[in-house]
Amino acid sequence: MADIQKLKRVASQVRRDIIRQTHYCASGHPGGSLGCTDFFTALYFEIMDHDPTFNMDAKNEDVFFLSNGHISPVWYSILAHSGYFPVEELATFRNIDSRLQGHPATHEGLPGVRVASGSLGQGPSVAIGVALAKKLNNDDKLVYALVGDGELQEGQIWEAAMFAAHHKVDNLILTVDWNGQQIDGPNDEVITLGDLPAKWKSFGWEVMHLDNGNDIEAVVNVLNAAKAKTGNGKPIVLLMKTEMGYGVDFMQGTHKWHGKAPNAEQTENALSQLEETLGDYPYPYQG
Amino acid sequence: MLDKIIDTGKKSTRDGFGAGLAALGKTHPEVVALCADLIGSLKMQDFIDAHPERFFQVGIAEANMMGIAAGLATAGKIPFTGTFANFSTGRVYDQIRQSIAYSHKNVKVCASHAGLTLGEDGATHQILEDMGMMKMLPGFTVINPCDYNQTKAATIAIADHHGPVYLRFGRPGWPNFTAADQKFEIGKALLLNEGTDVSIFATGHMVWRAVEAAKQLADEGISVELINIHTIKPLDEEAILASVSKTKCAVSAEEHQRNGGLGDSIAQVLTQHLPSPLEYVAVNDSFGESGKATALLDKYGLGVSDIIAAAKKAISRK
Ligand SMILES: Cc1ncc(C[n+]2csc(CCOP(=O)(O)OP(=O)(O)O)c2C)c(N)n1
Ligand SMILES: [Mg+2]
């Protein structure tokens, strides 16, 4: 049984880390990061069987790919608290000579990242490739990936969707961060996404729903249910509703904090809403 | 002449693009604009507010944007596409190649956040190969203006040029020093300072750094002929040859990979017509990284001191 209280404590600290990372370098993407914190916490601290000593080839372990690479602050915090690298290194986010690039990269050798992302639309294809390799290797562990909802406007997403159904890539759980927002505004004002569940279904995927991706217990439950559906000949997509900026009242539910860092005052305000549970890392980095 | 080159205050080249596009909106009814979920970054809001019916939001779908632009151009419109330089080129190279370049479509590919000075977003977004890719496409014009005023003027000028254009500009506030009322002539290099010891050919943000280098070199008694190559293609071969026949050596400076950039274009001209020492100031076969714009330029060999060292080396090789 999942220890929900423990997961909530992790999520609170991760949200603090997101605010502090973006504030310190005065750039980065807090909105989507805050909205996906509960998903990441559930995935890394409850769902996935993964090894923080980190092997690039991810044999015999579950593996995760972040396609919407701009929400790196949440992933970096989660990876650090999972033991992939020192939490103190979060203070280097987006600084020169850091392993914590603005968008996730393998180039500097950051443990936990297996392919660069940031140019949107490419992650599901890579995840499918790893899922195919796992099948060839008789490795029954799973592949997880996350995409943004705005990101679904990229054509490559649908090339990947068609492929995965055709090739019965049923060891893949793809989650869509369905926050309804992107840079220029709500998805439906930019390019309407239409009937997403029907689209994925018609592409041959097993479609699952989560109405509140910011309820960590619900996230754990739906991911467990998704796991139970693997191996049935269909790739699985989880359409997960989240609220951009969740956990910080003035960032919540708007696209305005997609890619804007909080100033000192806003940071103080945000942190006052998030309990420090695991200890804040120090600035500047002493590494 | 160097004393007359004065920074009138920092403004971004992307703001120059936005201002130029807004001006075109009023004068050129055939100009239409497209954007892939980056209206704010590309500074397109003024055009959109004034002409909402001539703007098309395509969402995060750059390949589609290039195809739609080709269609709009086919039917007589003058489409300006707007997204980051990476997603304006590498992401959509074949769409541009087939539907725009090979098909002779009058599309203006307008690309912001080019190069290292994009800063903190890091190497995934910092394209340093774009000018090389675009100049290789037959029939494409490639323009990389140096400041706000010049970017605004270039934006306006390309509307009256019939043919596909790649217009490259950047993110950061940068010294604005060229004339506000300049007329932009595609393909015409601009002499910023006459000199006798070495020719420095700079493009984009590096023009200002070359100005600073030229000032310091002048203090050391070295006379620099400084030329702003805002048009990478067609290259002003005449201006290059005239200058190097006088100075007998050259430096190229660009915020781009050394392979395939401005320096290589100049090298082609020199090896064919006037073999002379040429030193490159460019990124040398590496990706960038996250950081502050100016710190990144310095780290990747694009510092004022790098231009100075290159100039001295070029002179020593005469
Ligand atoms: C190919 C590509 N085009 C454009 C961008 C610029 N960009 C970064 S994030 C983003 C919006 C993404 O929307 P969504 O996937 O909904 O993420 P959210 O804003 O919800 O975090 C855009 C357009 C990009 N990174 N990659
Ligand atoms: Mg979104």
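Note on naming: letters A, B, ... go to the chains in the order of the sequence lines (proteins, then strands), and numbering restarts at 1 for each one. Because the structure is predicted, anything quoted here is derived from the model rather than measured.
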Does atom [atom1] ([X]) have a neighbourhood of more than 12 heavy atoms from anything else shown, all under 6.0 Å?
| X | atom1 | answer |
| --- | --- | --- |
| Tyr283(A) | OH | yes |
| Phe287(B) | CZ | no |
| Gln45(B) | CD | yes |
| Arg97(B) | CZ | no |
| Tyr246(A) | OH | no |

With chain B as the partner, which of Glu108(A), Arg94(A), Glu151(A), His70(A) has the greatest number of non-hydrogen pairs under 4.5 Å? Arg94(A)
Start with the C-alpha distance between Glu154(A) and Arg91(B), add both sets of side-chain angles, then the distance that settles salt bridge (charged side-chain N to carboxylate O under 4.0 Å, His left out), and finish with yes or no. CA-CA 11 Å; Glu154(A) 285 289 358; Arg91(B) 178 84 189 188; 3.0 Å; yes
Between His125(B) and His103(A), what is the ring plane arrangement, given parallel below 30°, perpendicular above 60°, and tilted in between? parallel
[X] versus chain B, the contacting section by heavy-atom distance below 4.5 Å:
| X | answer |
| --- | --- |
| Ser119(A) | both |
| Asn187(A) | neither |
| Ser117(A) | backbone |

Max heavy-atom pairs within cutoff under 4.5 Å with chain A, candidates Gly90(B), Ala61(B), Gly122(B), Ala123(B), goes to Ala61(B)
For chain A, the option from Val58(B), Asn86(B), Asn64(B) that forms the most heavy-atom pairs under 4.5 Å: Val58(B)
Separation of Ile183(A) CD1 from Ile60(B) CD1 (nearest 0.5 Å):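 Output value for this atom pair is 7.0 Å.
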Kindly compute the distance separating OG (Ser98(A)) from CD (Glu120(B)), expressed to the nearest 0.5 Å.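 Going from OG on Ser98(A) over to CD on Glu120(B), the span is 12.0 Å.
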Residue part contacting chain A, namely of Ala295(B), when any heavy atom lies under 4.5 Å: both
Of the non-hydrogen atoms in Asp37(B) and Gln182(A), which two are nearest, and what is the gap between them? OD2-NE2, 2.8 Å
If you take all heavy atoms of Ala116(A) and Thr124(B), which pair is closest and at what distance? CB-CG2, 4.3 Å
Return yes if some donor-acceptor pair links the side-chain N/O of Gln101(A) with the main-chain N/O of Ser290(B) below 3.5 Å, else return no. yes
Can you check whether [X] reaches [Y] side chain to side chain, under 4.5 Å on heavy atoms?
| X | Y | value |
| --- | --- | --- |
| Glu289(B) | Asp97(A) | yes |
| Asp121(B) | His29(A) | yes |
| Lys299(B) | Ile96(A) | yes |

Taking it one step at a time, do Asp184(A) and Gln57(B) satisfy side chain to side chain contact (heavy atoms under 4.5 Å, CB included)? CA-CA 9 Å; Asp184(A) 283 346; Gln57(B) 167 68 270; 2.9 Å; yes
